[in-house]
Amino acid sequence: MDLDQPYRLIFKPSHTPLPLKEDGSLDWQQITTITIIGVEDTHE
């Protein structure tokens, strides 16, 4: 996805439970769906 500066795509994984690695971080390779929260200028 290409967004014009300074906009960012804000999203979160849509999984219950979240797929986690052994170290507790998200396993992004297992994420198949997301929820888009918004497109925002995070510098405002």
Side-chain angles (χ1 to χ4, degrees):
M1 170 136 325
D2 187 17
L3 299 175
D4 290 331
Q5 290 289 338
Y7 295 101
R8 294 178 188 252
L9 180 65
I10 311 299
F11 64 92
K12 65 179 182 177
S14 296
H15 286 266
T16 303
L18 290 172
L20 300 176
K21 295 180 181 179
E22 287 184 20
D23 66 2
S25 64
L26 280 175
D27 187 352
W28 283 102
Q29 291 184 10
Q30 300 296 319
I31 302 295
T32 58
T33 59
I34 62 169
T35 299
I36 297 174
I37 298 169
V39 177
E40 301 176 8
D41 177 356
T42 58
H43 298 101
E44 287 185 339

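Only heavy atoms go into these numbers, but all of them, side chains included; no hydrogens, no water, no symmetry mates.
- No path of Ile, Leu, Val, Met, Phe, Trp and Tyr side chains, each step under 4.5 Å between heavy atoms, connects Ile37 with Trp28, placing them in separate hydrophobic clusters.
- Nearest heavy-atom pair, Thr33 versus Ile31, reported as atom, atom and distance to 0.1 Å: O-CG2, 3.5 Å.
- Here the CG-CG distance, from Leu20 to Leu26, works out to 6.0 Å after rounding to the nearest 0.5 Å.
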N/O donor-acceptor pairs under 3.5 Å from side chains in residues 2-14, not counting sequence neighbours:
{"unit_1": "Arg8", "atom_1": "NE", "unit_2": "Thr42", "atom_2": "OG1", "d": "3.2"}
{"unit_1": "Ser14", "atom_1": "OG", "unit_2": "Thr35", "atom_2": "N", "d": "3.1"}
{"unit_1": "Ser14", "atom_1": "OG", "unit_2": "Thr35", "atom_2": "OG1", "d": "2.4"}

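- We find the CG-CD distance between Leu18 and Gln30 to be 12.0 Å, quoted to the nearest 0.5 Å.
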